[in-house]
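As C-alpha cells, the structure follows; a few thoughts come after it.
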Amino acid sequence: MSATPSATPRAVELAQAAAAAAQDKLARDVVGLDVSGQLALTDVFVIASAPSERQVGAVVDAVEERLQELGAKPLRREGQREGRWVLLDFGDIVVHVMHSEDREFYDLERLWKDCPAVVLPPAPAAEA
C-alpha cells in the first residue's frame with residue numbers, strides 16, 4: 001500500500017475543469033483537496049463559495065455543464081432547493097458549492113487539513 005495515495009489523473013482533470021467553471025461564475029476561494037488517502041468513495045473535493053443563493057446556483061449549473069462536456073454526470077446532487085450548500089457527486093470528485101457564510105461556519109478545509117491540495121487553475125485577475 002502506498003504511503004501517499006493520490007488522486008487519479010481523471011479526478012485531477014475533472015477537479016481542474018470544475019474549478020475553472022466555478023471561477024468563470026465568480027466563485028470565491030476555490031480549492032481542491034486530494035481526499036483519496038482518507039476516503040474510498042472519491043478522490044478529490046472541490047470547494048467553492050458564493051455570496052448569495054442565486055450565485056451558488058449559477059456556479060453549480062456552470063460546473064455541471066463543464067463536466068458534462070468531459071463526459072462526467074453527477075451521480076448525486078444534494079442541497080439544490082436551499083441553495084446554501086450544494087453537493088455534486090461525480091464519483092471521481094465531489095464538488096461543494098457553499099454560501100460564503102456556511103463555508104465559514106463548516107470550515108471543510110479545517111476538517112480535511114491533512115489532505116494535500118490539488119493544483120487548480122489560478123483565478124482570473126479581478127477587473128479594475
Side-chain angles (χ1 to χ4, degrees):
M1 183 168 141
S2 170
T4 55
S6 63
T8 65
R10 174 69 172 164
V12 172
E13 174 192 22
L14 293 176
Q16 291 173 339
Q23 290 167 343
D24 287 349
K25 291 297 178 184
L26 306 179
R28 299 177 180 170
D29 304 320
V30 182
V31 298
L33 299 173
D34 182 341
V35 295
S36 61
Q38 305 284 332
L39 291 175
L41 302 172
T42 193
D43 281 356
V44 177
F45 278 174
V46 175
I47 306 166
S49 48
S52 70
E53 288 86 350
R54 184 180 207 152
Q55 192 173 358
V56 166
V59 171
V60 166
D61 290 345
V63 168
E64 278 192 316
E65 188 175 303
R66 183 78 52 93
L67 294 192
Q68 200 159 25
E69 292 170 3
L70 296 174
K73 292 188 172 123
L75 306 173
R76 273 186 343 181
R77 181 188 233 212
E78 297 181 12
Q80 185 68 33
R81 190 173 321 164
E82 297 81 18
R84 302 278 305 177
W85 179 353
V86 180
L87 180 146
L88 297 169
D89 181 353
F90 290 92
D92 293 327
I93 72 168
V94 173
V95 180
H96 300 268
V97 183
M98 306 174 79
H99 190 286
S100 301
E101 293 169 1
D102 292 1
R103 181 163 180 189
E104 190 175 319
F105 180 80
Y106 289 104
D107 198 4
L108 293 182
E109 289 94 332
R110 183 181 52 78
L111 293 174
W112 297 98
K113 68 180 182 288
D114 295 336
C115 297
V118 172
V119 176
L120 299 176
E127 310 241 343

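The shortest heavy-atom contact between Ala21 and Ala62 is CB-O, 3.6 Å. For Ala58 against Lys25, the heavy-atom pair with the smallest separation is O-CG, 3.8 Å. When every heavy atom of Ala48 is checked against every heavy atom of Ala22, the shortest pair comes out as CB-CB, 4.3 Å. Between Glu82 and Glu53 the shortest heavy-atom distance is O-CG, 3.7 Å.
With values rounded to the nearest 0.5 angstrom, Asp107 atom CG is found 12.5 Å from Asp102 atom CG. Note: Cys115 SG to Leu108 CG = 11.0 Å, rounded to the nearest 0.5 Å. Rounded to the nearest 0.5 angstrom, Phe45 CZ and Leu39 CG are separated by 5.0 Å.
Sorted by first and then second residue, the ring-ring contact (aromatic ring centres under 6.0 Å, His included) pairs involving residues 61-87 (not counting sequence neighbours) are Trp85-His96, Trp85-Tyr106. Sorted by first then second residue, the side chain to side chain donor-acceptor pair (under 3.5 Å) pairs that include residues 9-24, not counting sequence neighbours, are Arg10-Glu13, Asp24-Arg66.
Looking only at distances, a side-chain donor or acceptor of Ser49 sits under 3.5 Å from a matching main-chain atom of Arg28. A donor-acceptor contact shorter than 3.5 Å is absent between the side chain of Asp34 and the backbone of Pro116. Asp89 places no side-chain N or O within 3.5 Å of a backbone atom of Arg76 that could act as its donor or acceptor partner.
Counting Ile, Leu, Val, Met, Phe, Trp and Tyr side chains that sit under 4.5 Å apart, directly or through other members, Val59 shares a hydrophobic cluster with Val12, Leu14, Val30, Val44, Val46, Val56, Val60, Val63, Leu67, Leu70, Val86, Leu88, Phe90, Ile93, Val95, Val97, Val118, Leu120. Val119 forms part of no hydrophobic cluster, judged by ILVMFWY side-chain heavy-atom separations under 4.5 Å. Other cluster members for Leu41: none, since no ILVMFWY side-chain heavy atom sits under 4.5 Å from it.
Heavy-atom contacts from other residues, nucleotides or ligands closer than 6.0 Å to CD of Glu104 number 12 or fewer. Within a 6.0 Å sphere centred on CD of Glu69, heavy atoms belonging to other residues, nucleotides or ligands number more than 12.
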Would Asp61 and Arg77 satisfy salt bridge (charged side-chain N to carboxylate O under 4.0 Å, His left out), going step by step from the backbone distance to the final call? CA-CA 11 Å; Asp61 290 345; Arg77 181 188 233 212; 3.5 Å; yes
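A search for salt bridge (charged side-chain N to carboxylate O under 4.0 Å, His left out) contacts involving Glu109 returns Arg103, not counting sequence neighbours.
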